[in-house]
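Note that the structure is predicted; figures quoted are calculated from it, not measured.
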Amino acid sequence: MNRLILAVALFALPLPALAQANAELIAKGRALFNDTAVSGTGQHSCATCHPMNGHTDNKTYVGVEVVADGTTAAGRSTPTLWGAGSRQAMWSWAGTIPAIETNIRGIIVNRMKGAEPSKETLDALAAYVKSLPNPTAQFLNADGMPRDTAPADVKRGFAIFSGKGGCMTCHLPASYDKRDVEDVGSGGPFKVPSLRSVSKTAPYFHDGRFKTLEEAATFMFEFYAKKTSSDAKLSDTERNDLVAFLRAL
Ligand code: HEC
Ligand code: HEC
């Protein structure tokens, strides 16, 4: 009997202890995320550009300077970090950084000109960022597919997205991204970004060149049609349906 109790205790105890340690790491990461001491000038925290618990400020940057959207090849639009822990893609717009800790180190040292961060700092920031949830998408199932209760235009939009639009050859559910880069004629290979919360992450593309989802979706549709040598066209109604689906993500 004693042995049974011991076995149960050994299996049961570490779990809450682990959860507790992880909660502490995330809390530490949240504090660091909001701390301007991370930057070289002491003027920027992660939350400066990723406000509202890791979202995007909808701006385009070179370093810590805001630049006009889509005007410079070096400009990078701030991505939302919501849902970061459940994405398939690698990190950064270049889509080539496998470990989030490496990416965060680069942002601190290169973008923010801050001091070399310790492993503990990077681990805490990574744990916090990966803990940020996607907002609830009321018309999506857990697998990313539209629910039966989704409005008709959202369902028609999904049919285009997964059908003649070819979008799902690159933007794979449930996070609607891909662990690979693609050259879609936007200036080189870039990561296939997640489309969750995409209605709130304008401006679009790595350099923020598109202000609206209509523009981004039309560009992508025309790219795919050209790539597949198809003469498929997107009517105004179909484009509105496609955008209705994107807004539901
Ligand atoms: C001056 C604005 C700014 C600050 C400050 C900033 N970021 Fe970012 N962040 C960006 C931009 C712009 C990108 C896209 C850069 C790229 O991919 O080349 C980005 C990308 C990221 C990514 C990659 C997301 C993805 O989907 O690939 C992570 C993670 C991230 N930031 C976390 C942080 C953390 C943690 C901090 C604080 C240490 C921070 N950021 C500070 C603007 C900023
Ligand atoms: C061949 C792969 C591929 C296909 C097919 C594709 N995309 Fe994309 N998509 C990308 C890449 C790569 C980017 C990022 C380009 C950049 O940043 O320059 C992107 C960016 C986007 C963005 C901007 C997201 C953001 O956060 O800036 C939207 C919206 C989008 N795609 C929607 C669609 C839709 C709708 C379709 C179908 C009509 C589609 N895509 C088809 C690869 C693809």
Listing, residues 140-149 side-chain donor-acceptor contacts under 3.5 Å, not counting sequence neighbours, or none:
unit_1 : atom_1 : unit_2 : atom_2 : d
Asn141 : OD1    : Arg147 : NE     : 3.3
Asp143 : OD1    : Met145 : N      : 3.0
Arg147 : NH1    : Gln138 : O      : 3.0
Arg147 : NH2    : Leu140 : O      : 3.3

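- With a 4.5 Å cut-off on side-chain heavy atoms, Tyr128 and Ile104 do not count as touching.
- Val129 places a side-chain heavy atom less than 4.5 Å from the side chain of Ile100.
- Within the structure, the ring pair (Phe, Tyr, Trp, His ring centres under 6.0 Å) test picks out the following pairs touching residues 70-100 (sequence neighbours left out): His55-Trp82.
- Applying the salt bridge (Lys or Arg N to Asp or Glu O under 4.0 Å) criterion to Glu214, with sequence neighbours excluded, gives no partner residue.
- In the hydrophobic clustering (ILVMFWY side chains linked at under 4.5 Å, chained through shared members), Val62 is joined by Val67.
- In this structure Lys59 satisfies the side chain to side chain contact (heavy atoms under 4.5 Å, CB included) test together with Asp57, Tyr61, Val66, sequence neighbours excluded.
- In this structure, Glu116 places its CD atom where more than 12 heavy-atom neighbours from other residues, nucleotides or ligands lie under 6.0 Å away.
- For Thr60, the side chain to side chain donor-acceptor pair (under 3.5 Å) partners two or more places apart in sequence, or in a different chain, are Asp69.
- Of all non-hydrogen atoms in Arg196 and Ala137, the two that sit nearest each other are NH2-CB, 3.5 Å.
- When all heavy atoms of Ala89 and Lys191 are compared, the closest pair comes out as CB-CD, 3.9 Å.
- No donor-acceptor contact under 3.5 angstrom links the side chains of Glu215 and Thr218, judged on distance only.
- Qualifying side chain to side chain contact (heavy atoms under 4.5 Å, CB included) partners for Ala174, counting only residues two or more places apart in sequence or in other chains: none.
- In this view, Ile107 and Asn103, Arg111, Met112 satisfy the side chain to side chain contact (heavy atoms under 4.5 Å, CB included) rule, not counting sequence neighbours.
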Run the side-chain donor-acceptor check on residues 18-31: report pairs under 3.5 Å with partners two or more places apart or on a different chain.
unit_1 : atom_1 : unit_2 : atom_2 : d
Gln20  : NE2    : Glu24  : OE2    : 2.8

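- For Thr41, the side chain to side chain contact (heavy atoms under 4.5 Å, CB included) partners are Ser39, Gln43, His44, not counting sequence neighbours.
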Determine all donor-acceptor pairs shorter than 3.5 Å in which one atom belongs to a side chain in residues 240-249; sequence neighbours excluded.
unit_1 : atom_1 : unit_2 : atom_2 : d
Asn240 : ND2    : Asp236 : O      : 3.4
Asp241 : OD1    : Arg156 : NH2    : 3.2
Asp241 : OD2    : Arg156 : NE     : 2.8

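- Remark: Phe190 engages His206 in a ring pair (Phe, Tyr, Trp, His ring centres under 6.0 Å) (not counting sequence neighbours).
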